[in-house]
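Values in this document were obtained by computation on a predicted structure and should not be read as measured data. We count residues from 1, following the sequence as given.
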Amino acid sequence: QLQLVESGGGLVQPGGSLRLSCAASGFTLDYYAIGWFRQAPGKEREGVSCISRSGGSTKYADSVKVRFTISRDNARNTVYLQMNSLKPEDTAVYYCAAVLTTVQGLCIMISRPYESGYWGQGTQVTVSS
């Protein structure tokens, strides 16, 4: 009943774009910091981006800076990850996670703190020609 659902993944050619969505059901995201993570085959899960409660603070992994943009629409209870100029090394399962926080500007891009929060089921992104 309380869940995050990712969508928007798929197969795209190098240089293409995808927009991932993370929609909350059963709870309101207003008081949650959000992180996007990804896990490629044979690799550990890594942080991609994060966004604070009101969207005022964002962070990006060096590998995706400029190319990716995180945003949120609290009125729609949804967080987005716009991915442009995609590369084969972006291929991974992408997850969103939400953690309750009283700190308005908190932006967390490591997975451990989200273990007490909510995780989506993941959406596959494949970048290949």
Let me confirm one number: the [atom1]-[atom2] distance from [X] to [Y], rounded to the nearest 0.5 Å.
{"X": "L100", "Y": "L29", "atom1": "CG", "atom2": "CG", "answer": "10.5 Å"}
{"X": "L4", "Y": "Y118", "atom1": "CG", "atom2": "OH", "answer": "8.5 Å"}
{"X": "Y80", "Y": "S7", "atom1": "OH", "atom2": "OG", "answer": "9.0 Å"}
{"X": "S111", "Y": "W119", "atom1": "OG", "atom2": "CH2", "answer": "5.0 Å"}

Determine whether [X] and [Y] fall in the same hydrophobic cluster, where Ile, Leu, Val, Met, Phe, Trp and Tyr are linked whenever their side-chain heavy atoms lie under 4.5 Å apart.
{"X": "M109", "Y": "I70", "value": "no"}
{"X": "I51", "Y": "Y114", "value": "no"}
{"X": "V12", "Y": "V64", "value": "yes"}
{"X": "F68", "Y": "I110", "value": "no"}

Just checking, is any N or O donor in the side chain of N84 or S17 under 3.5 Å from an acceptor N or O on the other one?
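The answer is yes; a qualifying pair exists.
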Check: Do N74 and R76 have side-chain N/O donor and acceptor atoms under 3.5 Å apart?
Finding: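 Side-chain D/A pair, N74 to R76: absent.
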Determine, step by step, whether R19 and L81 satisfy the side chain to side chain contact (heavy atoms under 4.5 Å, CB included) criterion, reporting the C-alpha distance in whole Å, the side-chain angles of both residues, the deciding distance to 0.1 Å, and the verdict. CA-CA 6 Å; R19 189 181 77 159; L81 185 67; over 6 Å; no
Any side-chain heavy-atom pair of [X] and [Y] under 4.5 Å:
{"X": "P88", "Y": "S128", "value": "no"}
{"X": "T91", "Y": "V125", "value": "no"}
{"X": "Q104", "Y": "S52", "value": "no"}
{"X": "N77", "Y": "T28", "value": "yes"}
{"X": "I108", "Y": "V99", "value": "yes"}
{"X": "V5", "Y": "C22", "value": "no"}
{"X": "V48", "Y": "Y60", "value": "no"}
{"X": "R53", "Y": "T101", "value": "yes"}

query = What pair of heavy atoms forms the shortest contact from M83 to L20, and how long is it?
reply =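 Reported closest heavy-atom pair: CE-CG, 3.7 Å.
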List the atom pairs, donor and acceptor, that lie under 3.5 Å between side-chain atoms in residues 31-45 and the rest of the protein, sequence neighbours left out.
from : atom 1 : to  : atom 2 : distance (Å)
R38  : NE     : E46 : OE2    : 2.7
R38  : NH1    : D90 : OD1    : 2.9
R38  : NH1    : Y94 : OH     : 2.9
R38  : NH2    : E46 : OE2    : 3.2
R38  : NH2    : S63 : OG     : 3.4
Q39  : NE2    : K43 : O      : 3.2

**Item:** Set of side-chain hydrogen bond (donor to acceptor under 3.5 Å, both in side chains) partners for T69, sequence neighbours left out
**Value:**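 If we apply the side-chain hydrogen bond (donor to acceptor under 3.5 Å, both in side chains) test to T69, skipping adjacent residues, there are no hits.
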Distance-only, no hydrogens or angles: does the T78 side chain make a donor-acceptor pair with backbone N or O of A23 under 3.5 Å?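 Side chain of T78 to backbone of A23, a donor-acceptor pair under 3.5 Å: no, none is there.
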For this session: Mark yes or no for whether Q121, through its side chain, and E6, through its backbone, hold a donor-acceptor pair below 3.5 Å.
Result: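 Judged by distance alone, yes, a pair lies under 3.5 Å.
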